[in-house]
Amino acid sequence: MTLKIGVPSKGRLMEKTFDWFGARGVELARTGSDREYSASVNGIDGIELVLLSAGEIPRELAAGRIHMGVTGSDLVREKLGGWQDKVSELALMGFGHADLIIAVPKCWVDVNTLDDLDAAAAAFRAKHGFRLRIATKFHRLIRDHLRDHGVADYQLVDSQGATEGTVKNETAEAVADITSTGETLRANHLKILAGKPVHKSQATLFKSRNADWNEDTRATLNALTEKLGLRA
C-alpha cells in the first residue's frame, strides 16, 4: 500500500510546495498536460502524489483518504471542527503567509478594536432593528473569535469572493477575510481592527489521524520524515 500525499494542484502554492520538498531531496512534479491531475515522486519509494485544491485537502485528510497533505493552516481550522483530533501538524513550511482579520469602514473613526466593534454592533441593532452584518467565508473561525472576545450583536453573511466589496455594495457593514498586504482592503476604504489577527496562516504539512497507518505506510512515513528532517 502506498502513502498518499495531497498537494495543491496549481498556482504558487503548488510551486512552493514542490520547491520545499525538492530542497529536502524529494522531487515532486506534475506529469502529462496541464489538464491532467497526475504527478510523480522521486527520491523516496512508496509514495503517491494526489493533486487537489487547497480547500479539498482538509476534508480528504479528515476522511483518511490521504495520509498527508499540504494546505493553509486557516483552511484546516475553518473546515474541520475539532481539527486536532483529525490531523496533526508535521511542519510549518514558511510560505503562503496570510492573516485572517476583521475590517470595518475607514470612516468609522470610533471603531478601532473588538470592544469598539461590540459597542458599535449594539448601537447598530438598536438603530436599525437588525444585527450588524460581517461578510466572510470563515464562519467557524470568526464566530469562535468573536465569542471569545464577547462580541454578540452581529450576524455572519456568506461571501465566497470579493469580500472587500460587500461594504461598498451595502450587503455587509464589516468584513472578515484573509490578507497578505492589506492593499485591497485599503483600496476599498476599510481598516483592520487593532490587535492580533484572528489567525496567522501559512502553508503547513499535515498528517491524517484517520488514514490507514499499516506497517507499510508507517515505514514510508518514517523514511520520509527522516529525509525531510521532521519528527512524525
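As the structure is a prediction and not an experimental result, all values here were calculated from the model.
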Check whether [X] reaches the backbone of [Y] with its side chain - one donor and one acceptor, N or O, closer than 3.5 Å.
X	Y	result
S9	L51	no
T31	S40	no
R218	W213	yes
D118	L114	no
H145	L141	no
N214	D216	yes
E164	N188	no
H67	K207	no

Ion pair present between [X] and [Y], side-chain N to carboxylate O less than 4.0 angstrom?
X	Y	answer
E56	R59	yes
E89	R77	yes
E78	R140	no
D144	R147	yes

Atom [atom1] of [X]: over 12 foreign heavy atoms under 6.0 Å:
X	atom1	value
K16	NZ	no
Q202	CD	yes
E170	CD	no
D45	CG	no

Evaluate side chain to side chain contact (heavy atoms under 4.5 Å, CB included) for K86 paired with N210, printing each intermediate quantity in order.
CA-CA 6 Å; K86 298 167 184 173; N210 297 326; 4.2 Å; yes
Is there a side-chain contact between [X] and [Y] (heavy atoms, below 4.5 Å)?
X	Y	answer
T204	V70	no
T136	D177	no
M14	R30	yes
L117	I102	yes
R209	S88	yes
K200	L100	no

Take V26 and V41 through the side chain to side chain contact (heavy atoms under 4.5 Å, CB included) test and state the conclusion after the steps.
CA-CA 7 Å; V26 180; V41 182; 3.9 Å; yes
Between N169 and T166: side-chain donor-acceptor atoms closer than 3.5 Å
no
Residue pair S73 / H199, side-chain donor-acceptor N/O under 3.5 Å:
yes
T71 vs V7, test: side chain to side chain contact (heavy atoms under 4.5 Å, CB included). Steps then yes/no.
CA-CA 7 Å; T71 189; V7 300; over 6 Å; no
Would the F124 and F130 ring centres measure less than 6.0 Å apart?
yes
Report the C-alpha distance between F21 and M93 in whole Å, list the side-chain angles of each, state the deciding distance to 0.1 Å, and finish with yes or no for side chain to side chain contact (heavy atoms under 4.5 Å, CB included).
CA-CA 10 Å; F21 277 89; M93 301 175 77; 4.2 Å; yes
